[in-house]
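Just so it is clear, the structure is predicted and the values come from calculations on it, not from any experiment. Chain letters run A, B, ... following the sequence lines, proteins first and then strands; every chain starts at 1. Below, each value reflects all heavy atoms present in this structure, side chains not excepted, and no hydrogens, waters or symmetry copies.
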There are 2 protein chains.
Amino acid sequence: MKVTMKDIAKEADVSIATVSHVINETKHISEDKYKKIMQLINKYNYIPNSTARNLREKRTKTAGMVVSSFPDTFITEMVYGVEERAREMGYNLLLVNTNEDTDYEEETIHLLHSKMVDGIILSPTSNDIEYLNKFTNENFPIVLVNRYNDIAKNTPKVTGDNFQTGYDATTHLLKHGHEKIGMVYGVSNVSTTDERINGYKEGLRQYNLPFQESYLELGHATVSGGAAAVKSLLKRHNDITALFVQNDLMAIGAISQIKDFALKIPEDIALIGFGDFASAPIIDPPVTNIVLPPDTIGKTAFDVLLSKINNPDYLKHIELPPSLITRKSCGCK
Amino acid sequence: MKVTMKDIAKEADVSIATVSHVINETKHISEDKYKKIMQLINKYNYIPNSTARNLREKRTKTAGMVVSSFPDTFITEMVYGVEERAREMGYNLLLVNTNEDTDYEEETIHLLHSKMVDGIILSPTSNDIEYLNKFTNENFPIVLVNRYNDIAKNTPKVTGDNFQTGYDATTHLLKHGHEKIGMVYGVSNVSTTDERINGYKEGLRQYNLPFQESYLELGHATVSGGAAAVKSLLKRHNDITALFVQNDLMAIGAISQIKDFALKIPEDIALIGFGDFASAPIIDPPVTNIVLPPDTIGKTAFDVLLSKINNPDYLKHIELPPSLITRKSCGCK
DNA sequence: TTGAAAGCGCTAACAA
DNA sequence: TTGTTAGCGCTTTCAA
């Protein structure tokens, strides 16, 4: 059986209150009792039951993290950032992956709430997050990360500047002289995609080029999804000379597909990917990527969550800028 | 304030026992009361406080998962497998990354234990896991995944067959005629590395080739670590004509470094990497990898954990076989 | 069919 | 400096 405070108290011949006080250092205890208790704690390798403590204290020192897709470099590194900062601050992390399932996401938030996590960092599956207001209205701390939607009230946000991301990628391609630029993305109805598309439009507008919906292609956010999307896009528009692909796995699939078409990168089709995945420099050709800093976003998100926990009025939208890492696939060099 | 069972009971004018019974369907309750209670539950969006329930029931329906490194494709996909199966079985997952820090690992296990997770899946940082016996002796369910050491008693294990992995990779290179084969790895004092080295030795032995320690090189399990390791290894032995690199990021770094040396793959140096990372087919040259199935390992590990939770005597070592995915970097085709 | 009450392990207010 | 005790929200035994 697991040792409890009561056991320690009995064996030390003191009250459980005394044991509690030495553990939490909440009152001064005479040295002999202190020593005796400490010795028993060591002897039995006793650790207070967190569940009981949580029930009593109404906080758990654990945070929930809910993401919508998992084997994805950007998300993984974001999680890593959150995890690292959480650890530094003495928090645990309850991680859930919703796999882009909205209903499961709502269920998960309910569940985590009932587990009394002190707050949640959420990268939502879609724009449909009005349900969050049920929680945020009663001041349960939820911070949105990566994706967001303003229908969710009382939620601080930490995101990349996705408008700028779309704009910079597009403009870079435009500067290389491309006018027919395709865009491949993996999820619809989320702020990241929406804003990158807006940035793309703005880029075109500034070059007096028309925007056409049909140059956009949605696919699965996987290697094969990227390949399929490019296939369908190029069949529809064989005049496309440049591609902006929104996620690392899709970019890899896109490159495979382009090669299968016996097209040259960047001569026939220039390409900009997203996120600085490790293999980008050694792919043939090396891949130009537009990058948002996932680890910084993750760490910041956790800091923001702590701020929200400690101050219910805290409300900010922190937006981090992108940067472009040019290699050969876009036509540079 | 959060709604509790008491609040529901009061408003429904029944006892909390009655409310509890309708929630858990543990007794039959008359229809009118049942309806009234259900209606209030919906009205207030009431969910029982898990912490209280856990304290009472002494189980939490959450499992701990402790891994030692994070932005690593193999680990990430393994976590994904565990996560997916856990979800299917109605469990939550408390994820902790120890970053290859042994002390932190031990702390973490203590902490998770005190949080009353129902069991833990651990991919340990090192072979020094005797401390686990403190927990497993009292039948706290811990399953080892990926890495293991037999000094930990009473722990089921789910791993890849790493001896075979090392053997198959080495033999494949041997068949291509290589005799001076270098091996680059990212962590020492763990079963995965140790067994792969044993497999490597056995391969050499069967070809009557001598084993030399100095053909082994330890580096950081990162892109730059892989590059550095190859640099140092090739400086020491410029007669090396083939390399087996134990992890995806290191393989990427190795390839960069080999290119920096203006050496050709596979003509000057053949290479086999580990784990089928997405970009392997489009790297120049496409990378041959030896593969262990991380998602299957993860899912199996969770199943095994459930078995251990339900049957304290459960004790198995499940070992999954590797497979070789040949592309050009090893000299095939 | 329903309810009263004990108790899970802990913290902290209060009393001594 | 130390101890007594109420109570966190729930489940479940026992009694009605």
Side-chain angles (χ1 to χ4, degrees), chain A residues 1-38 40-41 44-62 110-118 138 140, chain B residues 1-38 40-41 44-62 110-118 138 140:
Chain A
M1 224 10 257
K2 231 166 164 173
V3 178
T4 70
M5 217 149 106
K6 204 167 159 188
D7 303 324
I8 302 281
K10 192 192 275 178
E11 190 160 338
D13 207 27
V14 297
S15 73
I16 62 167
T18 306
V19 178
S20 174
H21 284 133
V22 345
I23 287 173
N24 300 302
E25 303 186 325
T26 34
K27 265 186 187 164
H28 191 73
I29 302 294
S30 67
E31 192 160 337
D32 55 334
K33 301 212 172 186
Y34 180 88
K35 274 190 177 161
K36 190 163 191 181
I37 290 167
M38 282 311 269
L40 287 167
I41 287 175
Y44 289 111
N45 193 22
Y46 167 73
I47 298 210
N49 178 318
S50 314
T51 308
R53 180 183 273 171
N54 293 340
L55 179 59
R56 179 62 218 230
E57 296 205 324
K58 306 202 153 196
R59 65 164 182 62
T60 56
K61 279 262 189 183
T62 113
H110 266 96
L111 186 78
L112 290 177
H113 184 239
S114 85
K115 292 232 176 201
M116 297 181 39
V117 299
D118 296 347
E138 56 177 58
F140 178 65
Chain B
M1 224 11 257
K2 233 167 162 172
V3 177
T4 70
M5 218 150 106
K6 205 168 157 187
D7 303 324
I8 302 281
K10 192 193 275 179
E11 191 160 338
D13 207 27
V14 297
S15 74
I16 61 169
T18 306
V19 177
S20 175
H21 284 133
V22 345
I23 287 173
N24 299 304
E25 304 185 324
T26 35
K27 264 186 190 165
H28 192 73
I29 303 294
S30 67
E31 192 160 336
D32 54 334
K33 301 210 173 186
Y34 181 87
K35 275 192 177 162
K36 190 163 192 183
I37 289 167
M38 282 312 269
L40 287 167
I41 287 176
Y44 290 111
N45 193 22
Y46 168 73
I47 298 209
N49 178 317
S50 316
T51 308
R53 180 182 275 172
N54 293 341
L55 178 59
R56 178 62 217 230
E57 296 205 324
K58 307 202 154 198
R59 65 161 182 64
T60 56
K61 280 262 190 182
T62 112
H110 266 96
L111 186 78
L112 290 177
H113 184 239
S114 84
K115 292 232 176 202
M116 297 180 39
V117 298
D118 297 346
E138 56 178 59
F140 178 66

Rounded interatomic separation in angstrom, taking [atom1] from [X] and [atom2] from [N]:
X	N	atom1	atom2	value
E57(B)	dG7(C)	CD	C1'	14 Å
R53(B)	dC8(D)	CZ	C1'	16 Å
Y46(A)	dC10(C)	OH	C1'	7 Å
N54(B)	dT11(D)	CG	C1'	12 Å
D7(A)	dC8(C)	CG	P	11 Å
K2(A)	dG9(C)	NZ	P	9 Å
L55(B)	dG7(C)	CG	P	14 Å
K115(A)	dC8(D)	NZ	P	22 Å

Per [X] side chain, nearest of listed nucleotides [options]:
X	options	answer
I29(A)	dT1(D), dT11(D), dT2(D)	dT2(D)
N49(B)	dA12(C), dC10(D), dC10(C)	dC10(D)
R56(A)	dT1(D), dC10(D), dG7(D)	dG7(D)

Atom pair CD1/CD1 of I8(A) and I41(A) - distance to nearest 0.5 Å: 5.5 Å

Partners meeting salt bridge (charged side-chain N to carboxylate O under 4.0 Å, His left out) with E31(B) (sequence neighbours left out): K35(B)

[X] side chain near [Y] side chain, heavy-atom distance below 4.5 Å:
X	Y	value
I29(A)	T18(A)	yes
V22(B)	K33(B)	no
Y46(B)	L40(B)	no
T60(B)	K115(B)	no
V117(A)	F140(A)	yes
K36(B)	V14(B)	no
N24(A)	R53(A)	yes

Under-4.0 Å side-chain N/O to phosphate OP1/OP2 contact, K58(B) with dG9(C): yes

OP1 or OP2 of dT2(D) under 4.0 Å from side-chain N/O of S30(A): yes

Contact residues, residues 10-24 of chain A to DNA chain C [heavy atom, < 4.0 Å]: I16(A), A17(A), S20(A), N24(A)

Touch class at under 4.0 angstrom, heavy-atom based, for K33(B) against every strand present: sugar-phosphate

Pair pattern of DNA chain D in dot-bracket, where unpaired bases get dots and | marks partners in another strand, Watson-Crick or G-U under 3.5 angstrom: ||||||||||||||||

